[in-house]
Amino acid sequence: MATPVNVALMGLGVVGSGVARALLEKGDVYARRLGRPLRLYRVLVRDPDKRRALPIDPAILTTDPARVLEDQQVHIVVELMGGERPAADYIRQALARGRYVVTANKEVMAKHGPELLALAHRQGVDILYEASVGAGIPIVSPLKRDLSANDIRAVRAIINGTTNYILTRMDSDGLDFTTALAQAQELGYAEPDPTNDVEGHDAVYKLAILASLAFHTRVPPEAIYREGITRLQGRDFRYARELGYRIKLLAIARRAAANGTEALEARVHPALLPQGELLAKVDGVLNAIEVEGDLLGRVVFQGQGAGAQPTASAVVADILDAAQALAHGRPPTPWQGDAELPLRPMTDLECRYYIRMEVADRPGVLAQIARCFGDHRVSIASVIQKETNEAAQTAEIVIMTHIAREADVRATMADVQRLDVVCEVGNFLRVEG
Ligand code: NAP
Ligand code: HSE
């Protein structure tokens with residue numbers, strides 16, 4: 001029997017357990033594909049006495065990172081701990097010691113990806129991170145290889161399963177945000193502290209990785225515009241449906257011009273999507289990533305974007321790939337981030353807008369509001385009066401604009417809010433497509 005490839009896991013939580021189970025239960029299959037066995041050699045955890053979801057030999061468990069990072073017998077280090085630190089430091093140490101690294105860590109790859117890829121290249125090894133975006137959905141590899149003949153024009157994605165579940169329940173079942181979030185937590189989709197998901201940070205990390213790959217440029221997460229889903233109300237979903245749209249948390253990166261030069265827009269926010277679009281039909285915890293290339297046109301990758309087995313699917317594939325590279329000495333992929341595209345400011349975005357506001361229900365109100373729009377060259381496409389509150393003598397109106405510049409729409413909103421006939425601007429959403 002050929003000598004085994006020794007795999008060390010750092011983390012044995014949801015994903016680590018899925019990966020360990022696949023390595024233990026499908027070892028024969030992987031050994032046949034590889035021509036050498038993959039051996040689960042060591043596993044780093046915080047608490048060695050914790051009850052585990054699978055029978056794991058206690059002799060391979062350790063709480064000492066040096067027993068992974070400094071052991072010459074470890075061939076592939078698989079980081080599945082999560083969080084920025086100490087994960088990024090351990091990955092850096094593993095690469096510096098000439099180990100292949102596999103990770104599912106979007107935060108580390110979004111913040112440190114280019115630096116770690118460059119280090120891997122200098123060391124003649126590689127860092128593979130397919131599971132960091134969309135879990136088991138193949139997207140990192142296709143962007144690196146299968147789509148490389150294209151100039152990518154746009155990436156539009158639903159890349160957070162928790163928020164997509166919440167938005168689907170608010171839309172289909174009329175739940176309010178708090179109830180839908182509580183249900184997502186009961187089902188184990190949302191964490192006890194859901195901030196990372198509902199405020200859009202998780203999607204920003206994933207978009208930073210996708211945009212850097214697709215556009216060969218460094219897109220730091222802090223440069224991406226971000227809005228979460230907490231301001232959405234049930235009525236927004238009802239009105240959007242009446243107008244022919246669904247509301248989704250979209251992560252968008254697109255080539256755009258700024259001051260006559262090529263730039264990139266990168267943003268995460270809820271948006272109205274026409275009901276007929278493929279992305280509008282992606283419901284529940286599913287993820288989908290649409291890529292538009294100059295040669296291929298649009299292609300959509302859809303599937304389960306979280307969970308032990310879907311994520312293990314991508315992590316184990318990366319382990320197999322690293323093992324092949326180790327065996328055959330394939331050169332690592334260099335970091336190809338030389339395009340240096342500037343990011344276009346959000347205020348320069350041009351799209352259509354949905355604006356919901358509560359106003360006094362009396363003659364002349366719409367004329368005052370329309371004047372504010374006109375003063376900032378924002379053209380109104382339609383105005384619909386929705387519910388009226390007879391006791392308070394107020395009405396809710398929904399305004400759809402033609403394509404307008406975000407800076408002009410924001411200036412319009414500021415003026416509208418100062419009118420004494422406007423009680424409040426309830427929501428303001430971008431329309432995509
Ligand atoms: P998790 O369930 O919280 O597991 C984390 C594991 O890491 C635990 O086994 C924990 O040890 C260990 N750990 C954490 N900090 C450690 C430290 N300082 N030293 C030693 N061990 C440490 O996390 P997860 O859901 O599996 O996620 C792992 C990674 O995969 C994250 O980067 C996440 O973003 C990514 N990911 C997750 C999913 C998913 O569906 N969950 C999907 C795609 C990507 P103990 O067990 O002893 O506490
Ligand atoms: N929290 C993420 C989501 C899963 O809800 O999609 C891990 O990337």
Side-chain angles (χ1 to χ4, degrees), residues 8-21 42-54 56 58 61-69 77-91 101-112 129-137 139-140 157-168 181 184-185 187-207 209-210 228-229 249 251 268 282 284-289 303-315 318:
L9 303 188
M10 300 185 110
L12 190 63
V14 174
V15 181
S17 299
V19 171
R21 190 181 293 284
R42 190 146 297 143
V43 181
L44 177 75
V45 291
R46 262 182 310 217
D47 176 4
D49 301 321
K50 201 189 239 181
R51 269 176 72 89
R52 301 287 165 185
L54 73 169
I56 199 106
L61 287 184
T62 181
T63 57
D64 179 4
R67 295 202 60 214
V68 170
L69 298 169
V77 173
V78 185
E79 185 281 306
L80 302 170
M81 301 188 311
E84 185 181 3
R85 295 236 136 73
D89 304 323
Y90 292 169
I91 291 175
V101 172
V102 173
T103 181
N105 195 322
K106 68 217 97 170
E107 186 173 356
V108 164
M109 289 313 292
K111 292 181 177 170
H112 306 280
Y129 51 102
E130 182 61 70
S132 64
V133 183
I137 304 171
I139 184 63
V140 171
I158 294 171
I159 36 178
N160 184 269
T162 306
T163 46
N164 204 40
Y165 174 83
I166 292 171
L167 297 185
T168 304
L181 169 61
Q185 285 171 322
L187 290 164
Y189 300 143
E191 310 230 352
D193 176 359
T195 314
N196 236 12
D197 291 323
V198 300
E199 295 297 353
H201 298 284
D202 177 81
V204 160
Y205 293 145
K206 293 167 178 169
L207 183 65
I209 295 170
L210 290 179
I229 62 166
L249 181 69
V268 168
V282 176
V285 288
L286 286 180
N287 283 195
I289 301 126
Q304 297 183 60
Q309 290 193 32
T311 314
S313 162
V315 172
D318 277 351

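The first residue in the sequence is number 1, and the count goes up from there. Each ligand, and each atom within it, is numbered from 1 in the order the structure gives.
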Report summary line: To the nearest 0.5 Å, atom CG of Asp47 lies from atom OG1 of Thr63 at 9.5 Å
Query - For Gly161, atoms of ligand 2 separated by under 4.0 Å from a heavy atom - result: 3 (C), 5 (O), 6 (O)
Query raised in the report: Do Gln309 and Gln304 come within less than 4.5 Å of each other through their side chains, counting heavy atoms only?
Result: no
Report summary line: Under 4.0 Å between heavy atoms, the region of Thr311 that gets near ligand 1 turns out to be side chain
**Report entry** Contact atoms of ligand 1, heavy-atom distance to Leu80 under 4.0 Å
**Finding:** 5 (C), 6 (C), 7 (O), 28 (C)
Query raised in the report: Is ligand 1 under 4.0 Å from a heavy atom in the side chain of Lys50, in the backbone, in both, or in neither?
Result: side chain
Query raised in the report: Between CG of Leu210 and CE of Met109, what distance do you get to the nearest 0.5 Å?
Result: 12.0 Å
Requested in this report: Rounded to the nearest 0.5 Å, what's the gap from OG on Ser132 to CD1 on Ile139? Could you check?
Outcome: 11.0 Å
Query raised in the report: So do the side chains of Thr162 and Pro194 get within less than 4.5 Å of each other, counting heavy atoms only?
Result: no
Query raised in the report: Can you list the ligand 1 atoms lying under 4.0 Å from a non-hydrogen atom of Ala306?
Result: 40 (O)
Report summary line: Numbered in order shown, the ligand 1 atoms found under 4.0 Å of a heavy atom of Leu44 are 20 (C)
Query raised in the report: Is there any N or O on Pro86 that sits under 3.5 Å from an N or O of ligand 1?
Result: no
**Report entry** Element-labelled atoms of ligand 2 that are located less than 4.0 Å from some non-hydrogen atom of Asn160
**Finding:** 2 (C), 3 (C), 5 (O), 6 (O)
Query raised in the report: Side chain, backbone, both or neither: which part of Glu84 has a heavy atom under 4.0 Å from ligand 1?
Result: neither
Report task. Could you tell me the residue and atom name of the protein heavy atom closest to atom 5 (O) of ligand 2, and the distance to it rounded to 0.1 Å? Result -> Thr162 OG1, 2.5 Å
Query raised in the report: Any N or O of Gly13 that comes nearer than 3.5 Å to an N or O of ligand 1?
Result: yes
Query raised in the report: To which protein heavy atom is atom 46 (O) of ligand 1 closest, and what is the distance rounded to 0.1 Å?
Result: Arg52 NH1, 2.6 Å
Report task. For residues Thr103 and Val108, determine if any side-chain heavy atom of one lies less than 4.5 Å from a side-chain heavy atom of the other. Result -> no
Requested in this report: Determine whether Leu187 and Val285 make a side-chain contact, defined as any pair of heavy atoms from C-beta on separated by less than 4.5 Å.
Outcome: no
Query raised in the report: Do side-chain atoms of Glu199 reach the backbone of Asp202 as a donor and acceptor pair under 3.5 angstrom?
Result: no
Report task. Go through Leu61 and Leu12 one step at a time and tell me if the side chain to side chain contact (heavy atoms under 4.5 Å, CB included) criterion holds. Result -> CA-CA 10 Å; Leu61 287 184; Leu12 190 63; 4.1 Å; yes
Report summary line: Exactly one of Val77, Val45, Leu80 clears side-chain contact (heavy atoms from CB on, under 4.5 Å) with Met10, and that residue is Val77
Report task. Indicate, as side chain, backbone, both or neither, the part of Val285 found under 4.0 angstrom from ligand 2 when only non-hydrogen atoms are considered. Result -> neither
Requested in this report: Note the single closest protein heavy atom to atom 32 (O) of ligand 1, along with its residue, its atom name and the distance in Å.
Outcome: Gly82 CA, 3.2 Å
Report task. Determine, step by step, whether Asn164 and Asn287 satisfy the side chain to side chain contact (heavy atoms under 4.5 Å, CB included) criterion, reporting the C-alpha distance in whole Å, the side-chain angles of both residues, the deciding distance to 0.1 Å, and the verdict. Result -> CA-CA 8 Å; Asn164 204 40; Asn287 283 195; 5.7 Å; no
Requested in this report: For ligand 2, note which part of Lys206 has a heavy atom under 4.0 Å away: side chain, backbone, both or neither.
Outcome: side chain
Query raised in the report: Can you list the atoms of ligand 2 that are under 4.0 Å from a heavy atom of Asp197?
Result: 1 (N), 2 (C), 5 (O)
Report summary line: In ligand 2, the atoms that come under 4.0 Å of a heavy atom of Ala306 are 4 (C)
Query - Closest to atom 35 (C) of ligand 1 (judged by heavy-atom distance), picking from Ala53, Ala104, Ser132, Gly18 - result: Ala104
Requested in this report: Check if Glu107 has a non-hydrogen atom at a distance under 4.0 Å from any atom of ligand 1.
Outcome: no
Query - ligand 1 N/O within reach of Tyr90 N/O, cut-off under 3.5 Å - result: no
Query raised in the report: Where is the nearest protein heavy atom to atom 25 (O) of ligand 1: which residue, which atom, and how far?
Result: Val14 CB, 3.6 Å
**Report entry** Student check: side-chain heavy atoms of Met81 and Leu44 closer than 4.5 Å
**Finding:** yes
Query raised in the report: Of all the atoms in ligand 1, which lie at a distance below 4.0 Å from a heavy atom belonging to Ala131?
Result: 43 (C), 44 (C)
Query raised in the report: For the residue pair Gly307 and Val14, what are the closest heavy atoms and their distance?
Result: C-CG1, 4.4 Å
Requested in this report: Examine Gly307 against ligand 1 and note whether any of their N/O atoms are separated by less than 3.5 Å.
Outcome: yes
Report summary line: shortest atom 10 (C) of ligand 1-to-protein heavy-atom contact is with Arg46 NH2, 3.8 Å
Query raised in the report: Can you tell me how far the NZ atom of Lys106 sits from the CG atom of Leu207, to the nearest 0.5 Å?
Result: 13.5 Å
Requested in this report: State, yes or no, whether a side-chain contact exists between Arg52 and Ser17 at a heavy-atom distance under 4.5 Å.
Outcome: no
Report summary line: Near Lys106 (heavy-atom distance under 4.0 Å), the atoms of ligand 2 are 7 (C), 8 (O)
Report summary line: Rounding to 0.5 Å, atoms CZ (Arg67) and OG1 (Thr62) come to a distance of 5.0 Å
Report summary line: When rounded to the nearest 0.5 Å, the distance separating OH of Tyr205 from CG of Asn196 is 6.0 Å
Query raised in the report: So is Gly11 polar-close to ligand 1, meaning N/O to N/O under 3.5 Å?
Result: no
Query - Nearest non-hydrogen protein atom, atom 47 (O) of ligand 1 - result: Asp47 N, 2.8 Å
Query - For atom 34 (O) of ligand 1, the option (of Arg51, Lys106, Gln304) bearing the nearest heavy atom - result: Lys106
Requested in this report: Provide, to 0.1 Å, the distance between atom 3 (O) of ligand 1 and the closest protein heavy atom, together with that atom's residue and name.
Outcome: Met81 O, 4.9 Å
Query raised in the report: N/O to N/O below 3.5 Å, does that happen between Leu12 and ligand 1?
Result: yes
Query raised in the report: Identify the closest protein heavy atom to atom 38 (C) of ligand 1: which residue and atom is it, and at what distance?
Result: Val15 CG2, 3.6 Å
**Report entry** ligand 1-proximal atoms of Ala87, by part, heavy-atom distance under 4.0 Å
**Finding:** neither
Query raised in the report: Would His201 and Glu107 satisfy side chain to side chain donor-acceptor pair (under 3.5 Å), going step by step from the backbone distance to the final call?
Result: CA-CA 9 Å; His201 298 284; Glu107 186 173 356; over 6 Å; no
